[in-house]
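Input: a single structure, listed below in structure tokens.
The model shown is predicted, which means the values in this text are computed figures rather than measured ones.
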Number of protein chains: 2
Amino acid sequence: MTQWLDEAQQQHWRAWLAANTLLLDAFSRDLQEAHGLTMADYEILVRLSESADWRMRMSDLAEATLSSRSRLSHQIDRMERAGFVERVACTDDKRGYFAVLTDAGWDILVAAAPCHVMSVRERIVDVLTPEEFAALGNASKRLLDHMGADPA
Amino acid sequence: MTQWLDEAQQQHWRAWLAANTLLLDAFSRDLQEAHGLTMADYEILVRLSESADWRMRMSDLAEATLSSRSRLSHQIDRMERAGFVERVACTDDKRGYFAVLTDAGWDILVAAAPCHVMSVRERIVDVLTPEEFAALGNASKRLLDHMGADPA
DNA sequence: CTCGGAAAGTTGGAGTTTCAACTAACTGCG
DNA sequence: CGCAGTTAGTTGAAACTCCAACTTTCCGAG
């Protein structure tokens, strides 16, 4: 016998789902309109910029951005065409490649970051009380843990 | 001067983002493996099944599922091909169409629902304390309100 | 050394989403 | 009435994602 959700649970669940969709849409739209970037582009730029030598192995980057290898590979194709990253062969492991941030990639990240942070603030951080926001973050962290995901 | 996020805020934000991605992936995968449905399919089936006469105007359905008209149109194409819905011309407004749930659509929804609810429980509802889950839902609701979204 | 399996990454095609352009029908104002 | 502007919905192409198959290289046991 299925244990259905009660009315309140149903509402929480749907709110969570709807908020995700609308927020993610909004962030993408903001980034897109202002700088022609997608969320995926942006996350890759961020990860690379935070890495030593502005570079990361394809697999590590895929894992960090919660993306499949295949998806990342196509994604890096596009970003390479756009001039934001370069592929550099890894000499230690000849199967491997690094995705390396270019100056152009850095520049667009620097240009886009303030506007992205702004929209995260406007739509989430500053909308909630600090307690509510922390609760949202902590609940998310618990859910991640339960799935065995690294919180990094 | 950009007001960056502090360390804790950064972590909450990233946790939220990661949890969304992983959870949504997981729900899709569960539905896909068990019944060959996508989340989008499932939500449409749910909405239609909850509507009078198992039918909804295309625009209303698009709005309810937070999808663009174009996306919904393609989506309904596929579901019509699969036999889960039908398009029925609207006689009042000759521009309009109803998406109507078929018996086959109802059947697959009935088959898929328990397994979907199960996975929502397993991955969210039963993972958190009732307080944490409520906090997640309420925060989401607040964010929706702030975006002017109807909580229905 | 060498061979089988695992890991890194890419590829192509099919499926999905987005965007802009389009048709057809409705609405209301002069 | 009659036509300008809106609304409903579709379409096709381009962008993106997913999946399965593939190549190359690495690793470890014998």
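- Atom CD of B:Gln9 sits about 8.0 Å away from atom CG of A:Asp126, to the nearest 0.5 Å.
- A straight line from CG of A:Asp60 to C1' of C:dA7 spans 12 Å, rounded to a whole angstrom.
- At whole-Å resolution of the value, CG in B:Asp77 and P in C:dG15 are 14 Å apart.
- Residue contacts for B:Arg29: at a heavy-atom cut-off of 4.0 Å it reaches no nucleic acid atom on any strand shown.
- Residue B:Lys94 contributes atom NZ, which lies 16 Å from atom C1' of C:dT23 at whole-angstrom precision.
- Using a 4.0 Å cut-off, no side-chain N or O of B:Arg95 falls inside it from OP1 or OP2 of C:dA24.
- In this structure, A:Thr21 OG1 and B:Asn20 CG are separated by 8.5 Å, a value rounded to the nearest 0.5 Å.
- Spacing between atom CG of A:Leu31 and atom C1' of C:dT18 amounts to 16 Å, rounded to whole angstrom units.
- Inspection of the A:Arg14 and A:Gln11 side chains reveals no N or O donor paired with an N or O acceptor under 3.5 Å.
- For the residue pair A:Ser28 / A:Asp25, no side-chain donor-acceptor distance below 3.5 Å is found, with atom types taken as modelled.
- Nearest to the side-chain atoms of A:Arg57 among the listed nucleotides C:dG9, D:dT10, C:dT10 stands C:dG9.
- Hydrophobic clustering, defined by side-chain heavy atoms of Ile, Leu, Val, Met, Phe, Trp and Tyr closer than 4.5 Å, groups A:Val88 together with A:Phe98, A:Val100.
- Across the protein-nucleic acid pair, A:Leu61 atom CG and C:dG9 atom C1' stand 13 Å apart, rounded to whole Å.
- Looking only at distances, a side-chain donor or acceptor of A:Asp6 sits under 3.5 Å from a matching main-chain atom of A:Ala8.
- In this structure, B:Leu24 places its CG atom 12 Å from P of C:dT17, rounding to the nearest Å.
- Ring geometry for A:His116 versus A:Tyr42: interplanar angle of 30 to 60°, hence tilted.
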Protein N or O to nucleotides 15-22 of chain D N or O, pairs below 3.5 Å:
unit_1 : atom_1 : unit_2  : atom_2 : d
D:dC16 : O5'    : A:Arg78 : NH1    : 3.4
D:dC18 : OP2    : A:Arg71 : NH1    : 2.2
D:dC18 : N4     : A:His74 : NE2    : 3.2
D:dC19 : N4     : A:Ser70 : OG     : 2.4

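- Here the C1' atom of nucleotide D:dT10 and the OH atom of B:Tyr97 are 10 Å apart, to the nearest Å.
- Between the CG atom of B:Leu66 and the P atom of C:dT18 there is a distance of 12 Å, given to the nearest Å.
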